[in-house]
Amino acid sequence: MTGRTQRWKEIPSERSAELREFVVALRALKDSTGLTQQQIAEAAGMAPTTYSGYLNAWRLPEDEDLERIWKVISEEARQRGQADPYSLDELRSLRENASLCATCVRRGGSGTPSKEPPLEVAAPSELPRHRPAPRVVRGRARRRVHLYGSRRRVISMPPPRAEVPVPREGGDRHLTPNVSDVLAAELRTLHRHQAAGRTRDTHMMLWGKARGITPGEFPETVAAYRAAGFEEEVETLLRTAGAERDVHAVLNIVAALHDSHQYTDAQAILAAARTDL
């Protein structure tokens, strides 16, 4: 049994050369096995859309995701008596040098040198002198003191009012389902993207999720996202599905949400689909 070579999508031109090299290595690793993308993703404990994003240069995998992918393919190659095209250390080295943007220094890119001439900076003696802005010093709140003759009466400030926790509102948007391992790993990846400020990776992950999952998976996914506190991400997921999926798929998604008593989410995706028309 040999690996099946897949026809891959072209890597976007704005991606860096290092990222292209890393994606080519991931694709070669995938082509060396007889497993499908879905089989590899499920064995590695991640969503198929997440693994597809790695193979199409939408986002970069974390070190633990890369190690799980390599172990699944390496075990399958060992059973067939074949060697891996890349070792885990080689993939990690390529991952460290990769960047999602060739000209974005904040995202690991090298940047492009500016072709404009450098600005001329006046000498320190030629710069106008300005008085520094006054520093505003805020004093601490003091206790009020009232004097009555020779006696001094001290009145302490009242203590701050205690905050009473407010229970969450009821409704179909606060479901707490039993999250599967694949969905839990996806939520952890989404949390890491937000903690690191990788907004583009978050959007690409939600875009691929909205286009890739089946209508029957929407109720569990939406409920798990809301239970994890990703309210804005759920709205993005529903809007993308309503705008990108065809009418038949949108109706199936609405029916699945309705059957799960998630009526507000069903109305949201219907509104997104109606706005797109």
Side-chain angles (χ1 to χ4, degrees), residues 1-104 107-110 179-193 195-196 198 200-202 204-209 211-214 217:
M1 179 179 179
T2 59
R4 293 173 294 181
T5 302
Q6 180 175 343
R7 296 183 60 184
W8 300 100
K9 296 181 180 179
E10 184 179 356
I11 301 176
S13 58
E14 67 269 14
R15 297 299 191 256
S16 62
E18 292 80 3
L19 176 59
R20 289 170 175 267
E21 185 179 1
F22 174 68
V23 172
V24 169
L26 279 184
R27 292 178 174 182
L29 193 67
K30 162 64 182 64
D31 290 337
S32 66
T33 179
L35 301 176
T36 63
Q37 290 188 23
Q38 183 173 1
Q39 290 174 339
I40 296 175
E42 292 177 354
M46 65 183 64
T49 54
T50 301
Y51 183 44
S52 177
Y54 299 154
L55 294 173
N56 290 286
W58 294 342
R59 50 186 175 269
L60 290 173
E62 300 292 338
D63 184 73
E64 57 182 15
D65 292 342
L66 181 62
E67 183 177 358
R68 288 199 298 265
I69 294 171
W70 181 86
K71 285 183 177 180
V72 171
I73 299 178
S74 176
E75 178 64 21
E76 197 271 344
R78 186 186 63 81
Q79 293 178 0
R80 292 188 288 109
Q82 295 184 0
D84 299 325
Y86 291 91
S87 65
L88 180 59
D89 292 337
E90 290 175 338
L91 290 177
R92 282 173 171 168
S93 178
L94 293 174
R95 166 63 178 84
E96 291 297 326
N97 297 329
S99 167
L100 284 174
C101 179
T103 60
C104 302
R107 307 191 72 179
S110 58
V179 181
S180 62
D181 295 338
V182 175
L183 194 54
E186 182 178 329
L187 292 174
R188 289 194 297 270
T189 302
L190 185 62
H191 178 72
R192 287 195 298 268
H193 287 336
R198 294 192 289 266
R200 179 180 175 85
D201 292 345
T202 301
M204 293 303 299
M205 180 177 177
L206 295 174
W207 181 82
K209 184 74 173 177
R211 289 170 56 92
I213 62 177
T214 62
E217 294 175 336

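The distance from the OG atom of Ser52 to the CD1 atom of Ile40 is 11.5 Å, given to the nearest 0.5 Å. Here the straight-line distance linking atom CD1 of Ile69 with atom CG of Leu26 works out to 6.5 Å at 0.5 Å rounding. Atom CG of residue Leu206 and atom NE2 of residue His193 lie 9.5 Å apart, to the nearest 0.5 angstrom. Here the straight-line distance linking atom CG of Asp65 with atom OH of Tyr54 works out to 4.0 Å at 0.5 Å rounding. Thr49 contributes atom OG1, which lies 11.0 Å from atom CE of Met204 (distance to the nearest 0.5 angstrom).
Checked by atom type and distance alone, the side chain of Thr33 never pairs as donor or acceptor with a backbone atom of Leu29 at under 3.5 Å.
Side-chain contact check for Leu94 versus Glu90: every heavy-atom pair is 4.5 Å or farther apart. Annotation: side chain of Arg95 is not in contact with side chain of Asp63 (no heavy-atom distance under 4.5 Å). The shortest side-chain heavy-atom distance between Tyr86 and Ser93 does not fall under the 4.5 Å cut-off. When side chains are defined from C-beta on, Thr202 does not count as touching Arg59, because their heavy atoms never get closer than 4.5 Å. The closest side-chain heavy-atom distance from Val72 to Gln39 is not below 4.5 Å. In this structure, Arg188 and Glu62 have side chains that are not in contact, with every pair of non-hydrogen atoms separated by 4.5 Å or more.
Test Arg211, Lys209, Met205 against Trp207 for side-chain contact (heavy atoms from CB on, under 4.5 Å) and you get one pass: Arg211.
The residues Glu76 and Arg80 are annotated as salt-bridged, a charged nitrogen and a carboxylate oxygen being separated by less than 4.0 angstrom.
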Would Asn56 and Arg27 satisfy side-chain contact (heavy atoms from CB on, under 4.5 Å), going step by step from the backbone distance to the final call? CA-CA 9 Å; Asn56 290 286; Arg27 292 178 174 182; 3.8 Å; yes
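Residues that satisfy the salt bridge (charged side-chain N to carboxylate O under 4.0 Å, His left out) test with Glu64, not counting sequence neighbours, are Arg192. Applying the salt bridge (charged side-chain N to carboxylate O under 4.0 Å, His left out) test to Glu42 and every residue at least two apart in sequence or in another chain returns nothing. Considering only residues two or more places apart in sequence or on other chains, Glu75 meets the salt bridge (charged side-chain N to carboxylate O under 4.0 Å, His left out) condition with Arg78.
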